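What follows is a single structure, written as structure tokens, with notes after it.
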Amino acid sequence: MAPKKTTTKAKGKTPAKAPSTPKVDPLFPARPRSYNVGGAIRPAGRDLSRFVRWPKYVRIQRQRAVLYQRLKVPPAINQFTKSIGKNEASNVFKLLDKYRPETVAAKRQRQKENAASEAKGQSKTANVPHQLKFGLKHVTTLVEEKKASLVLIACDVDPIELVLWLPALCRKMEVPFLIVKDRARLGTLVHQKTSAVVALTGVNKEDEAQLKIFQDLAMEKFNKNSGLARKWGGGIMGLKTQAKLDKRAKALAAEEAKKAASLRR
């Protein structure tokens, strides 16, 4: 028989393993987050809107608004920033909603009824009901002929030159007009996406008293308000510029006080 092989094992000792090194990806290096103050994690509840990169159209809107504040705006343009209040506008639009233009289907139905009544030898039914007129050329003609009872002009027409002359024309022809927000809201009244101006030529008997109230309001706030037609807008500087001007004015006042004190001596 072959002799048995004897192996000696060290009691209580295990062979040491080589330390494993983590694999590093050169394309995506690890960037551990810093949880300290001012680190990678910002505290919850903080407004981060000033760090947002807004879309280009939002930036242009904001820059235009700031520019209108900084520059001197002529009275003819500045008057479009003075639209009527929310409560007054809601009442006006509530009245105008009753006189929305006919849809194509409603007009066709009315024409059919007129034709049927004429064929039977009956008297012709009522003519076109009172309704809102829209379209810049059409409304201009109504104002020139003094047929418009009330004119509504949107405050955000772009370019503003389209309606810049209309308030002056309404004042000259003594047609009451109101400047309202905004062209999309006027557009919904006349089944359009937007509308720069709408006009009302007449109302039913039950709404004549309410129309008279709005006409008086228009005459008081816009037609006969000479300050609105002459007041310049803009010229408002930023906070930094205002602080700089205040500091300069204080320094000049201090110099004048020193000069006055030296002259007294």
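Heavy-atom basis, side chains included; hydrogens, waters and symmetry copies ignored. Keep in mind that what you see is a predicted model, and the values were worked out from it rather than measured.
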- Query: Any side-chain heavy atom of E144 sitting closer than 4.5 Å to one from L169?
  - Reply: yes
- Item | Criterion side-chain contact (heavy atoms from CB on, under 4.5 Å) on R59 and R53, from CA distance to verdict | CA-CA 9 Å; R59 279 180 275 146; R53 183 172 175 80; 3.9 Å; yes
- side-chain contact (heavy atoms from CB on, under 4.5 Å) assessment of L189 paired with F134: CA-CA 10 Å; L189 289 174; F134 64 100; over 6 Å; no
- Message: Just verifying a value: how many Å separate R171 CZ and M219 CE, rounded to the nearest 0.5 Å?
- Response: 11.0 Å
- Task: Decide if atom CZ of R100 counts as having more than 12 heavy atoms of other residues, nucleotides or ligands within a radius under 6.0 Å.
- Result: yes
- Query: If only atom types and distance count, is the side chain of Q210 paired as donor or acceptor with the main-chain N or O of D207 below 3.5 Å?
  - Reply: no
- Item | More than 12 heavy atoms of other groups within 6.0 Å of L252 CG | yes
- Task: Using a 4.5 Å cut-off on heavy atoms from C-beta on, say whether the side chain of V203 contacts that of K98.
- Result: no
- Query: Any sub-3.5 Å donor-acceptor pair from N78's side-chain atoms to G234's backbone N or O?
  - Reply: no
- Task: List in chain and number order the residues that pass salt bridge (Lys or Arg N to Asp or Glu O under 4.0 Å) with E174, two or more places apart in sequence or in another chain; answer none if no residue qualifies.
- Result: none
- Message: If the condition is salt bridge (Lys or Arg N to Asp or Glu O under 4.0 Å), which residues does D182 pass it with, not counting sequence neighbours?
- Response: none
- Note on the structure: In short, L136 meets T140 closest at the heavy-atom pair O-OG1, 2.6 Å
- Item | Atom CD of E220 with >12 non-hydrogen neighbours under 6.0 angstrom | no
- Taking the side chain as C-beta and beyond, is there a heavy-atom pair between S83 and V180 under 4.5 Å? no
- Query: Transitively linked via ILVMFWY side-chain contacts under 4.5 Å: I77 with L228?
  - Reply: yes
- Can you tell me how far CD of Q63 sits from NZ of K56, rounded to the nearest 0.5 angstrom? 9.5 Å
- Here the pair of heavy atoms bringing L186 nearest to V198 is CD2-CG2, 3.9 Å
- Message: Restricting to non-hydrogen atoms, name the atom on A199 and the atom on V151 that form the minimum distance, rounded to 0.1 Å.
- Response: CB-CG2, 4.2 Å
- Task: Please go through I60's hydrophobic cluster and name the other residues, only I, L, V, M, F, W, Y counting, with side-chain heavy atoms under 4.5 Å joining them.
- Result: none
- Message: Looking at D246 and K250, is there a salt bridge between them, counting it only when a charged N and a carboxylate O are closer than 4.0 Å?
- Response: no
- Message: Under 4.5 Å between side-chain heavy atoms, counting indirect links through other Ile/Leu/Val/Met/Phe/Trp/Tyr residues: same cluster for L162 and L142 or not?
- Response: no
- Query: Which atom names give the shortest non-hydrogen contact between Q79 and I179, and what distance separates them?
  - Reply: O-CD1, 3.5 Å
- Message: What I'd like to find out is whether the side chain of P167 reaches to under 4.5 Å of the side chain of F80, using heavy atoms alone.
- Response: yes
- Query: Hey, what do you get for NZ (K112) to CZ (R108), rounding to the nearest 0.5 Å?
  - Reply: 7.5 Å
- Message: Just so I know, are the side chains of S90 and K94 near enough to count as touching, which here means a heavy-atom distance under 4.5 Å?
- Response: no
- Query: Other than L27, which residues form its hydrophobic cluster under the rule that side-chain heavy atoms must be closer than 4.5 Å?
  - Reply: F28
- Rounded to the nearest 0.5 Å, the CG atom of L178 sits from the CD atom of Q215 at a distance of 10.0 Å
- Query: L245 and R248: side-chain contact (heavy atoms from CB on, under 4.5 Å), yes or no, with the steps?
  - Reply: CA-CA 5 Å; L245 293 175; R248 190 180 299 170; 4.1 Å; yes
- Query: Which residue pairs pass the ring-ring contact (aromatic ring centres under 6.0 Å, His included) test when at least one of the two sits in residues 224-243, sequence neighbours left out?
  - Reply: none
- Item | Within one Ile-Leu-Val-Met-Phe-Trp-Tyr cluster: V52 and Y57, side-chain cutoff 4.5 Å | yes
- Which atom pair, heavy atoms only, marks the closest approach of M237 to R70? CE-O, 3.6 Å
- Message: Let's go through H130 and N204 carefully: what are the C-alpha distance in whole Å and the side-chain angles of both, what is the deciding distance for side-chain contact (heavy atoms from CB on, under 4.5 Å) to 0.1 Å, and is it a yes or a no?
- Response: CA-CA 7 Å; H130 293 301; N204 299 332; 3.5 Å; yes
- Between NZ on residue K181 and CD1 on residue I84, distance to nearest 0.5 Å: 10.5 Å
- Quick one: pull up OH in Y68 and CD1 in I236 and give me the separation to the nearest 0.5 Å. 14.0 Å
- In short, L211 meets S149 closest at the heavy-atom pair CD2-CB, 4.2 Å
- Which pairs pass ring-ring contact (aromatic ring centres under 6.0 Å, His included) with one or both residues in residues 141-191, sequence neighbours excluded? F177-F222
- Message: Are L200 and F93 connected into the same hydrophobic cluster when the rule is that any two of I, L, V, M, F, W, Y join if their side-chain heavy atoms are below 4.5 Å apart?
- Response: yes
- Message: With heavy-atom distances below 4.5 Å as the criterion, would you say the side chains of K133 and K147 are in contact?
- Response: no
